[in-house]
Amino acid sequence: MAAKPPPRDWLDLASREMKGGDAQTLNWQTPEGILVKPVYTAADTENLGHLGSLPGMAPYTRGPKATMYAGRPWTIRQYAGFSTAEESNKFYRAALAGGQRGLSVAFDLATHRGYDSDHPRVVGDVGKAGVAIDSVEDMKTLFDGIPLDQMSVSMTMNGAVIPVLASFIVAGEEQGVSRSQLSGTIQNDILKEFMVRNTYIYPPEPSMRIVSDIIEYTAQEMPKYNSISISGYHIQEAGSTIVQELAFTLADGRDYVRAALAKGMDVDAFAGRLSFFFNMGMSFFMEAAKLRAARYLWAKIMAEFGASERSQMLRTHCQTSGVSLQEQDPYNNIVRTAYEAMSAALGGTQSLHTNSFDEAIALPTDFSSRIARNTQLILQHETGVTKVVDPLAGSYYVENLTAELIDEAWALMEEIETLGGMTQAINEGMPKARIEEAAAQKQARIDKGEEVIVGVNKFQPTQETKVDVRDIDNAAVRDAQIARLMRIRKTRNADAHSAALANLEEVAGTGEGNILEAAIEAARARATVGEISWAMENAFGRHAADIVTIEGVYEDAYGDDPVFQETQSSVAAFCKKLGRKPKVLVVKMGQDGHDRGAKVIATAFGDLGFDVTVGPLFMTPQEAAELALAEDVDIVGVSSHAAGHKTLAPMLLSELASRNAADKIVICGGVIPSQDYDFLTKAGVKAVFGPGTNIPDAAMSLIDLLKEQMRGKNR
């Protein structure tokens with residue numbers, strides 16, 4: 001959509017205020033490539049195609065309900081889960097007593113990846129980034145005293161979606177709540193996992209069958225339950241632009257609808273139980289406009305499938321951004337989250353989770369969670385934002401942003417269609433490459449200071465702010481889970497258990513029957529999450545992604561910046577002295593699939609002059625050590641996002657020492673609390689780089705470490 005120039009009389013006045021400057025220089029371009037003017041008028045809203053509808057009416061641009069928050073405020077959710085089911089249950093009860101109205105469950109990475117807590121690949125993951133769930137018994141404990149016929153439960157689960165949902169359904173039954181009474185949402189968005197989050201288990205084709213089987217089963221058996229939450233949240237967290245988040249999310253949804261229709265379902269039988277999940281970042285007006293554009297575009301997509309007007313309605317949950325949270329000056333995060341929450345409310349979300357200010361460092365404490373929850377309560381009860389339906393409607397600026405996002409996202413979605421749809425586009429790597437390019441460009445803007453982050457690259461505090469963070473004793477949680485697993489295995493009916501798993505494997509392998517229905521029988525027989533996942537893996541196999549890195553993007557975004565060039569020259573001078581490029585291996589250990597940081601570091605360090613290798617996801621410390629030797633690297637960089645560093649980094653150092661490779665420099669980077677730095681240093685880690693680290697500065701730190709090592713060898 002071509003932007004109209006500001007009125008001539010305004011330009012003249014503005015230029016005089018600028019003492020003869022050109023007011024046209026006040027135009028700016030967003031990361032999405034959208035031109036934004038300093039002033040908009042009524043003329044800018046002429047002929048905008050999305051205008052005209054009212055709230056509650058197709059295409060729902062102004063909201064899916066006629067009365068919106070004036071009738072009922074959005075649902076306040078708290079995405080939480082940590083340690084054991086018992087500890088998470090206590091947290092949930094306190095949150096509900098404090099005004100929360102829905103539960104959103106975070107599972108640990110062992111559960112996400114379909115492993116029981118006693119599996120050797122998850123030593124550092126159990127209970128760390130979410131609650132450990134191994135069986136129906138854990139699920140029953142998680143919701144003890146919480147009436148599942150009255151409480152909406154959202155579960156962020158994709159890879160191990162079948163055993164987790166099956167265990168939830170059986171836990172409800174044993175609480176006296178039939179599956180038809182259960183309300184809530186299962187994420188069940190596997191395409192997003194292949195694109196950015198990486199907590200997949202099976203290859204794409206059988207994974208899509210799982211999605212459609214869940215849609216089918218819930219449509220028939222669980223009328224109150226949302227069978228899928230099509231997630232843009234992790235797409236933006238991985239570094240996408242807002243246009244990319246919008247287009248890729250809706251394109252995912254389009255493919256899920258096709259998969260359900262391919263099973264012979266009527267579109268109106270399931271469309272009403274599809275929901276969405278969007279990220280709310282710091283681009284305040286753009287984020288609000290994004291939700292309005294999403295509703296318009298989804299109505300357009302569903303109309304193409306012949307859906308009724310009611311089935312064209314997009315309903316969404318939102319969560320404030322995790323990437324916008326910073327370790328430096330962390331109380332600033334409270335303000336960031338409040339603005340993001342307001343943007344979600346003005347955009348018309350149906351439910352909202354507000355992140356806690358300490359989540360850039362660790363899992364939230366009770367104190368920080370209360371502030372996050374109260375942020376929404378204050379927004380609902382003190383600001384008046386709930387009194388008027390769609391208060392931004394008619395804003396010259398917001399309506400133009402909405403139209404721009406509609407046009408740009410639709411163009412990208414049409415490009416995806418030419419590739420054969422989103423599943424095929426993901427197979428070809430197009431979305432992942434675009435997102436990684438956007439992430440590298442964003443990091444360069446931050447490192448250059450073009451994109452200001454208060455307290456990080458500008459207005460830095462003179463003193464470090466200490467905050468108390470939640471620390472999970474990973475070993476204790478794992479021991480408790482293993483003990484519970486042993487009890488279950490001893491007390492269950494062995495014949496019923498074996499028969500149920502055999503039936504599940506047959507259903508998965510033959511394509512006859514519904515996978516979720518078979519898994520429910522297995523869960524009743526006390527098959528564990530790992531066993532149910534293993535039975536399906538026998539039929540489907542386990543997916544392993546190819547690691548592809550991009551080159552030149554970070555350097556291009558930096559341009560001829562003198563700091564970048566100086567850093568590049570310093571690295572080149574060291575290379576000449578060393579006789580080659582310094583070799584760096586970037587590894588992700590454990591089951592954490594967040595690879596944005598690892599990919600950005602690999603891209604940036606490669607552009608600065610290092611020889612960078614990125615290891616495959618989900619490595620063990622033993623595998624990382626073996627790869628470090630095979631590649632003959634100088635430095636091993638451990639990328640940590642999910643709190644496993646205290647377990648896994650010392651294990652890596654031990655594995656290197658056992659292979660006579662203790663001279664290799666080990667560094668850590670990512671979401672690492674400052675109070676863990678001393679622990680890691682004493683274990684032998686040479687440097688720790690927390691969130692917000694400037695990459696050229698980090699590069700020079702590595703050169704200094706290598707120079708120090710060379711001096712030590714020459715003594």
Side-chain angles (χ1 to χ4, degrees), residues 1-7 30 32 34-37 39-72 74 232 242-243 246-247 249-251 253-254 257 267-268 271-272 274-276 278 283-316 318 343-350 385-414:
M1 186 182 72
K4 297 178 181 178
T30 73
E32 294 76 19
I34 294 172
L35 180 69
V36 177
K37 304 183 299 179
V39 65
Y40 287 81
T41 70
D44 291 294
T45 60
E46 293 174 0
N47 304 316
L48 294 184
H50 70 276
L51 296 179
S53 68
L54 290 169
M57 299 180 183
Y60 304 108
T61 313
R62 299 192 59 190
K65 298 291 184 182
T67 56
M68 289 299 289
Y69 310 143
R72 188 180 75 178
W74 66 87
I242 290 173
V243 164
L246 183 57
T249 304
L250 296 179
R254 186 186 247 167
V257 172
V267 65
D268 291 324
L274 305 179
S275 66
F276 286 81
F278 285 106
S283 185
F284 185 86
F285 292 105
M286 185 82 80
E287 293 288 10
K290 176 182 72 183
L291 298 187
R292 306 173 88 248
R295 289 191 291 268
Y296 178 90
L297 286 168
W298 186 244
K300 180 176 181 177
I301 291 166
M302 294 305 287
E304 292 177 354
F305 287 116
S308 68
E309 283 202 359
R310 182 169 180 78
S311 293
Q312 295 170 24
M313 182 190 300
L314 180 146
R315 298 160 300 113
T316 190
C318 289
S343 184
L346 292 174
T349 189
Q350 279 59 72
V385 74
T386 61
K387 304 295 185 184
V388 174
V389 179
D390 191 20
L392 290 183
S395 160
Y396 305 145
Y397 176 40
V398 172
E399 297 294 10
N400 268 268
L401 283 181
T402 302
E404 291 277 11
L405 288 171
I406 288 170
D407 291 346
E408 294 294 325
W410 187 256
L412 183 50
M413 290 175 68
E414 289 297 281

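Residues: numbered from 1 along the sequence shown.
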Legend entry - Where E408 and I34 come nearest, the two heavy atoms and their spacing: CG-CG1, 4.3 Å
Inset, instruction - Work out which heavy atom in L291 is nearest to a heavy atom in A344; give both atom names and the distance. - result: CD1-O, 3.8 Å
Inset, instruction - Kindly determine whether F285 and L346 satisfy side chain to side chain contact (heavy atoms under 4.5 Å, CB included), including the steps that lead there. - result: CA-CA 9 Å; F285 292 105; L346 292 174; 6.0 Å; no
Inset, instruction - For the residue pair I242 and S283, establish whether any side-chain heavy-atom pair is separated by less than 4.5 Å. - result: yes
Legend entry - Smallest separation among heavy atoms of V39 and P6, with atom names: CG1-CB, 3.7 Å
Inset, instruction - Drop me the distance from F305's CZ to Q312's CD, to the nearest 0.5 angstrom. - result: 12.0 Å
Inset, instruction - To the nearest 0.5 angstrom, please state how far the CG atom of L274 sits from the OG atom of S311. - result: 8.5 Å
Inset, instruction - Would you check, one step at a time, whether the test side chain to side chain contact (heavy atoms under 4.5 Å, CB included) holds for M68 with D390? - result: CA-CA 8 Å; M68 289 299 289; D390 191 20; over 6 Å; no
Legend entry - Shortest non-hydrogen contact between P64 and M313, atoms and distance: CB-CG, 3.4 Å
Inset, instruction - Could you grab the distance from atom OG1 of T67 to atom CZ of R72, nearest 0.5 Å is fine? - result: 9.0 Å
Legend entry - Candidate pair L405 and M286, rule side chain to side chain contact (heavy atoms under 4.5 Å, CB included), full reasoning: CA-CA 9 Å; L405 288 171; M286 185 82 80; 3.8 Å; yes
Legend entry - pair E404-E32: side-chain heavy atoms closer than 4.5 Å: no
Inset, instruction - List the atom of A289, the atom of V398, and the distance in Å for their closest heavy-atom pair. - result: CB-O, 4.1 Å
Inset, instruction - Starting at CG of D44, measure out to NZ of K37 and round the result to the nearest 0.5 Å. - result: 3.5 Å
Inset, instruction - Using atom types as modelled and distance alone, determine if a side-chain donor or acceptor of Y60 lies under 3.5 Å from a backbone N or O of E309. - result: yes
Legend entry - Contact summary for T386 and W74, nearest pair of heavy atoms: CG2-CZ3, 3.9 Å
Inset, instruction - Measure the OG1-CG distance between T402 and L48 for me, rounded to the nearest 0.5 Å. - result: 9.0 Å
Inset, instruction - Before giving the answer on side chain to side chain contact (heavy atoms under 4.5 Å, CB included), spell out for R295 and K300 the whole-Å C-alpha distance, their side-chain angles and the decisive distance to 0.1 Å. - result: CA-CA 9 Å; R295 289 191 291 268; K300 180 176 181 177; over 6 Å; no
Inset, instruction - State, with a plain yes or no, whether a side-chain heavy atom of W410 is found less than 4.5 Å away from one of I301. - result: yes
Legend entry - OG1 on T316 to CZ on F276, rounded to 0.5 Å: 8.0 Å
Inset, instruction - Under the side-chain contact (heavy atoms from CB on, under 4.5 Å) rule, collect the residues that match up with P55, sequence neighbours excluded. - result: R62, V389
Inset, instruction - Would you indicate whether the side-chain heavy atoms of F278 and T249 approach each other to under 4.5 Å? - result: yes
Legend entry - Sequence neighbours excluded, every pair satisfying side chain to side chain donor-acceptor pair (under 3.5 Å) that has a member inside residues 45-56: H50-E399
